[in-house]
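Because the structure is predicted, anything quoted here is derived from the model rather than measured. First the proteins, then the strands, lettered A, B, ... as listed; each starts at 1.
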Number of protein chains: 2
Amino acid sequence: MVKASRESKTSAAQATARLRQAGLRPTRQRVELAGLLFQSGDRHVTAESLHDEVSHAGVKVSLATVYNTLHQFTEAGLLRQVIVDAARSYFDTNTGDHQHFFLEKEGLLIDIPGETIAVAGVPTPPAGLSVDRVDVVVRVRRN
Amino acid sequence: MVKASRESKTSAAQATARLRQAGLRPTRQRVELAGLLFQSGDRHVTAESLHDEVSHAGVKVSLATVYNTLHQFTEAGLLRQVIVDAARSYFDTNTGDHQHFFLEKEGLLIDIPGETIAVAGVPTPPAGLSVDRVDVVVRVRRN
DNA sequence: CTCACACATTAGAATTATTCTAATGTGTTG
DNA sequence: CAACACATTAGAATAATTCTAATGTGTGAG
């Protein structure tokens, strides 16, 4: 919780603040993308889907910039990259501890809340290595 | 355990038998690939690595055939496809219940035996869907 | 044993996601 | 407001994978 301000922040202002906190210069396209990504609830996007979205919103951003931005956001901890499909990377706005359902057919990711799944017994990695993170993907299909 | 035969089967004969069981015609290239994949212990290959290997062994198989074969073997349950890298698919000769360490830097997969990790609390999938499999990937990096 | 046909293989082109390049634009700090 | 480091961009390049359409080959029927 932060101190309540006199007026509610605009999406752009929030995005700008978030970018500054992350040490990223709040450029026009980063602010736009952050606005789309973070103003609503948790989302899963691909570079292409986000580029379509931002383009349809009438904002001019190149696909290369979308890729750059997604990776920068990921490095900054604002996004989490989820690799479940051989063809495409997904970026998840929910960076907290949680896992995923994945529908191969539709290419759809669905969050599983953090506390739901417990992974026990993760072994100590081979010498010289340490655990970065543990991903659990529950692959599902239509009955 | 099968009944011991008078002489130990050759790798090719074993591969042929395995292919027939899976309902796949034992063609020259499938037998070669199955030989490489299944004669030694558990392996992880990419299409490219397997193509290199079979080529260096002096066997003429096209890359397209390697791709076809890997997918056919996967559908037949002889292999398991593991998607951990945005760029490349891995195929695991160990189709049993087990999970993986993944070293992003080296692009290296290491098996974690089946009983080691317990995943508890996998939720019931949304209506109309059923669980196909649960993948656990422990991403590790050098200290 | 041989034929015919369904299934496999192939080379090379096509596709697709992603990254690179090198030129141009723009926040930010002093 | 100038300078510079950092961003953005279009388009080319790359790389994994799939497709195409022609050629080859296991196999079951006879």
Strictly below 4.0 Å: does [X] bring a side-chain N or O up to OP1 or OP2 of [N]?
X       : N      : result
B:Gln29 : D:dT25 : no
A:Arg88 : C:dA17 : yes
A:Thr65 : D:dT9  : yes
B:Tyr67 : D:dT18 : no
A:His71 : C:dT18 : no
B:Lys60 : D:dG24 : no
B:Gln72 : C:dC7  : no
B:Thr27 : C:dT9  : yes
B:Arg30 : C:dT9  : yes
A:Arg20 : C:dT28 : yes

When you measure from the side chain of [X] to the backbone N and O of [Y], does any donor-acceptor pair fall under 3.5 Å?
X        : Y        : value
B:Arg141 : A:Asp132 : no
A:Arg18  : A:Gly35  : no
B:Thr116 : B:Ile112 : no

For [X] and [Y], which I'm curious about, is there any donor-acceptor pair between the side chains at under 3.5 Å?
X        : Y       : result
B:Gln39  : B:Ser11 : yes
A:His100 : A:Asp92 : yes
A:Gln29  : A:Thr65 : no
A:Gln81  : A:Thr74 : no

Looking across every strand, which nucleic acid part, if any, lies under 4.0 Å from A:Ser89 by heavy atom: base, sugar-phosphate, or nothing?
sugar-phosphate

With a 4.0 Å cut-off on heavy atoms, is B:Ala64 in touch with a base, just the backbone sugar-phosphate, or nothing at all?
base

Quick one: [X] [atom1] to [N] [atom2], roughly how many Å, whole number?
X       : N      : atom1 : atom2 : result
A:Asn68 : D:dC6  : CG    : C1'   : 12 Å
A:Leu24 : D:dC6  : CG    : P     : 12 Å
B:Glu75 : C:dA8  : CD    : P     : 11 Å
B:Leu33 : C:dA8  : CG    : P     : 14 Å
B:His51 : C:dG12 : NE2   : P     : 12 Å
A:Phe91 : C:dA17 : CZ    : P     : 14 Å
A:Ile83 : C:dT18 : CD1   : P     : 10 Å
A:Leu50 : C:dT18 : CG    : C1'   : 15 Å

If you check every side-chain atom of A:Val61, which of C:dT10, D:dT17, D:dT9 has the closest atom?
D:dT9

Closest approach to the side chain of A:Pro26, judged atom by atom: which nucleotide of D:dT25, C:dT9, C:dT28 is it?
C:dT28

Tell me the bend of the helix from C:dC1-D:dG30 to C:dG30-D:dC1 as the angle between end helix axes, each from five pairs, rounded to the nearest 10 degrees.
30°

Heavy-atom nearest nucleotide on DNA chain C for B:Arg25 versus B:Leu63: which residue maps closer to 5'?
B:Arg25

Do A:His71 and A:Phe91 have ring centroids that are under 6.0 Å from one another?
yes

